[in-house]
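This report refers to the structure that appears directly beneath it.
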Amino acid sequence: MILRQRKTSLIKSIIGFCFILLSILALTIQWMNMSSDTGSVQKSNKVDLFAEVSCSIKCPRASPNKLEFSSSSSESCPEYFRWIHEDLRPWKETGITREMVERARKVAHIRIVIVDGRVYFEKYKQTFQKRDVVTLWGILQLLKFYPGMLPDLDFVFECGDQPVTQRSDYENSKDTVPPPLFRYCGKHSSFDIVFPDWSFWGWPELNMRPWDELKKELQQSNELIKWTERVPYAYWKGNVVLGEARRDLLKCNVSKKQDWNARIYGLQWGLESSQGYKTSALATQCTHRYKIYVEGLAWSVSQKYILACDSMALSINPHFYDFFTRSLLPTVHYWPINEKNKCKSIKFAVDWGNKNAKKAQEIGKAGSKFVYEDLEMKYIYDYMFHLLSEYAKLLKYRPTVPRDAVEVCSDTLICSTKGIRKKYRVHSMVHNVSSSKPCTMPPPWSPADLQDFIERKENLTKQVELWEETQSF
Ligand SMILES: *[C@@H]1O[C@H](CO)[C@@H](O)[C@H](O)[C@H]1NC(C)=O
Ligand SMILES: *[C@@H]1O[C@H](CO)[C@@H](O)[C@H](O)[C@H]1NC(C)=O
Ligand SMILES: *[C@@H]1O[C@H](CO)[C@@H](O)[C@H](O)[C@H]1NC(C)=O
């Protein structure tokens, strides 16, 4: 339905401000129910898979030749790659056994196996909006970008929003290692191997184009209104019913009685899609000096779009992280908003920014620079490459193709899609191999350095809280 309503002409400048997911609470609840139903894991669902790859095309029989580079040097990866070491730390001593992966599979949606550069896929549960297939698509593009370079792999993916492996469940049992589970976001109180979410290859349901294209367009729309000419208030637009923090944010909206410097707008995706997303286009959203970031039911895909505006991002303390957000620093890339006192905190941030316009612009620029430079598609593939390579080093067994798995390749994932879904796949398809090596992984933090980094973040946030309390600009 939604697909049909969205016509090609709209595809142009539309980018929704997005919000995570979840537009459907009911579905999440359904997942939760399924997650708790660990006793009866379904065997792969051939019918579902068949719908995805039901054309007669066969994947190439030959494995790809290994890509060689003439130059041996490579640039360093962005700082956020260091989190790869932290995410894999729970298995550093023990390695990862087949038994652990099988255990993780009880809560997972899909299993992906790569043997000799060929990709096999097994599906355990349905996912929301085919996230699993988009993720699989991303992995297939990675293999086209760096052919023959990935080791053999066997891993499982949980495609929901809320972390499922709680640290507290493992605290008192020293000999039980958590199941290695790939996910799109994590939380400090859970074990998650964080992987780039589907939005980098496009989110058809919300009309969000693949990141490569969207990024260019955002960059252009950003130039349209200079920071100083933008509306000097904090802007947020989104689905207000997703999560308590968002409902709470509504209270900060301007009213006859009170002005907290916030301009809050609700958005219903159903309505937007029927009207061609005219009002949710991101190009029409880089109009304010400040943009609020607030989580939905978990992390929100919207964060990179909010940062991309050159506006100072006001971030209401996030509880979840995705693969890059842990390296964002308060007062450097964004301004921290105190969730317990949102309205006052937003009011102060805007007043501070308008009085310290140069600094506010610097913060806005630094956030955008991070998104434009450190989140280039090359780095997204490099991140996936390094994460999967480091994970593979931990495997204690040789991955083999599960009996119920189906081989997939770009051609089989594209041939059975239609409309905007197909368009996004065509647009996000990798045609050429990488012209340079993957970037060089930074070494792990020493425990002291990691502690220092975390403390630095906390200190910067405390500094702002102190300014707020004393109202010092
Ligand atoms: C916030 O206030 C503005 C101005 O009164 C109004 O146009 C807007 O609809 C309000 N937002 C919400 C979500 O109610
Ligand atoms: C891909 O490679 C072909 C042939 O080498 C070249 O003509 C084309 O410009 C490349 N495309 C991109 C996007 O680099
Ligand atoms: C954080 O602040 C404390 C107290 O002011 C200070 O002792 C500490 O060195 C700071 N840490 C970092 C990493 O800046």
Side-chain angles (χ1 to χ4, degrees), residues 16-20 22-23 25 79-80 82-83 86 188 206 230-273 275 277-282 284-285 287-297 300 302 306 311 314 316-317 326-339 342-347 349-351 363 366 442 444-470 472:
F17 188 46
C18 213
F19 310 123
I20 206 101
L22 330 148
S23 338
L25 196 62
E79 181 72 11
Y80 65 83
R82 280 186 193 246
W83 294 103
E86 299 312 310
H188 297 293
L206 296 193
R230 292 184 185 182
V231 185
Y233 294 109
Y235 176 94
W236 185 81
K237 182 168 189 167
N239 191 342
V240 292
V241 301
L242 290 181
E244 198 163 332
R246 291 187 173 186
R247 283 191 294 273
D248 206 32
L249 179 62
L250 270 183
K251 296 180 192 145
C252 309
N253 198 13
V254 61
S255 69
K256 289 208 177 71
K257 286 194 222 121
Q258 188 60 273
D259 192 351
W260 299 107
N261 293 342
R263 303 294 181 262
I264 312 294
Y265 300 93
L267 182 59
Q268 290 168 298
W269 284 112
L271 196 65
E272 288 292 318
S273 81
Q275 296 172 353
Y277 300 92
K278 284 197 185 71
T279 61
S280 59
L282 259 192
T284 65
Q285 291 192 12
T287 49
H288 290 64
R289 290 186 189 173
Y290 312 94
K291 295 197 69 170
I292 298 169
Y293 171 71
V294 58
E295 291 179 329
L297 296 182
S300 169
S302 64
I306 288 174
S311 306
L314 311 185
I316 301 180
N317 9 345
R326 284 170 285 184
S327 286
L328 294 170
L329 288 170
T331 72
V332 176
H333 301 105
Y334 68 91
W335 187 270
I337 296 295
N338 186 342
E339 66 179 338
K342 288 187 188 64
C343 303
K344 265 181 114 164
S345 194
I346 290 169
K347 177 159 175 32
V350 171
D351 287 340
I363 297 173
W445 276 294
S446 69
D449 285 350
L450 179 58
Q451 200 46 46
D452 214 57
F453 177 82
I454 293 167
E455 213 178 281
R456 185 170 160 226
K457 262 184 106 150
E458 283 169 2
N459 282 6
L460 290 169
T461 306
K462 275 191 208 136
Q463 174 69 74
V464 171
E465 282 170 6
L466 197 69
W467 289 340
E468 262 174 37
E469 264 167 43
T470 55
S472 37

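Each ligand, and each atom within it, is numbered from 1 in the order the structure gives.
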Practice item. In sequence, state the C-alpha distance, the side-chain angles, and the governing distance for K251 and W260, and then conclude on side-chain contact (heavy atoms from CB on, under 4.5 Å). Key: CA-CA 9 Å; K251 296 180 192 145; W260 299 107; over 6 Å; no
Study note, to complete from the structure: If we number the atoms of ligand 1 from 1 as shown, the ones under 4.0 Å from a heavy atom of N253 are 1 (C), 2 (O), 3 (C), 8 (C), 10 (C), 11 (N), 12 (C), 14 (O)
Review point. Where do Y290 and I346 land on the side-chain contact (heavy atoms from CB on, under 4.5 Å) test, with the steps shown first?
Key: CA-CA 10 Å; Y290 312 94; I346 290 169; over 6 Å; no
Review point. Do L329 and R456 have side chains that get closer than 4.5 Å, going by heavy atoms?
Key: yes
Review point. Do the side chain of K457 and the main chain of L328 share a donor and acceptor less than 3.5 angstrom apart?
Key: yes
Review point. Counting from 1, what ligand 1 atoms have a heavy atom of L250 closer than 4.0 Å?
Key: 13 (C)
**Study point:** ligand 1 N/O within reach of G266 N/O, cut-off under 3.5 Å
**Key:** no
Practice item. Would you please classify the geometry between the W467 ring and the W335 ring as parallel, tilted or perpendicular, with 30° and 60° separating the classes? Key: parallel
Review point. How are the rings of H288 and Y235 set relative to one another: parallel (under 30°), tilted (30 to 60°) or perpendicular (over 60°)?
Key: tilted
Exercise for review: Could you tell me whether a side-chain N or O of R246 sits under 3.5 Å from a main-chain N or O of E295, the two making a donor and an acceptor?
Suggested key: yes
Exercise for review: Please could you name the atoms of ligand 1 that I264 approaches to less than 4.0 Å, counting only its heavy atoms?
Suggested key: 1 (C), 8 (C), 10 (C), 11 (N), 12 (C), 13 (C)
Check your understanding: What part of V240, side chain from CB on, backbone N/CA/C/O, both or neither, has a heavy atom under 4.0 Å from ligand 1?
Key -> neither
Mind listing the N or O contacts between ligand 3 and protein, cut-off under 3.5 Å?
{"unit_1": "ligand 3", "atom_1": "2 (O)", "unit_2": "N459", "atom_2": "OD1", "d": "3.2"}
{"unit_1": "ligand 3", "atom_1": "2 (O)", "unit_2": "N459", "atom_2": "ND2", "d": "2.3"}
{"unit_1": "ligand 3", "atom_1": "11 (N)", "unit_2": "E455", "atom_2": "OE2", "d": "2.9"}
{"unit_1": "ligand 3", "atom_1": "11 (N)", "unit_2": "N459", "atom_2": "ND2", "d": "2.9"}
{"unit_1": "ligand 3", "atom_1": "14 (O)", "unit_2": "N459", "atom_2": "ND2", "d": "3.3"}

Point to revise | Other residues, nucleotides, ligands: >12 heavy atoms within 6.0 Å of R247 CZ | key: yes
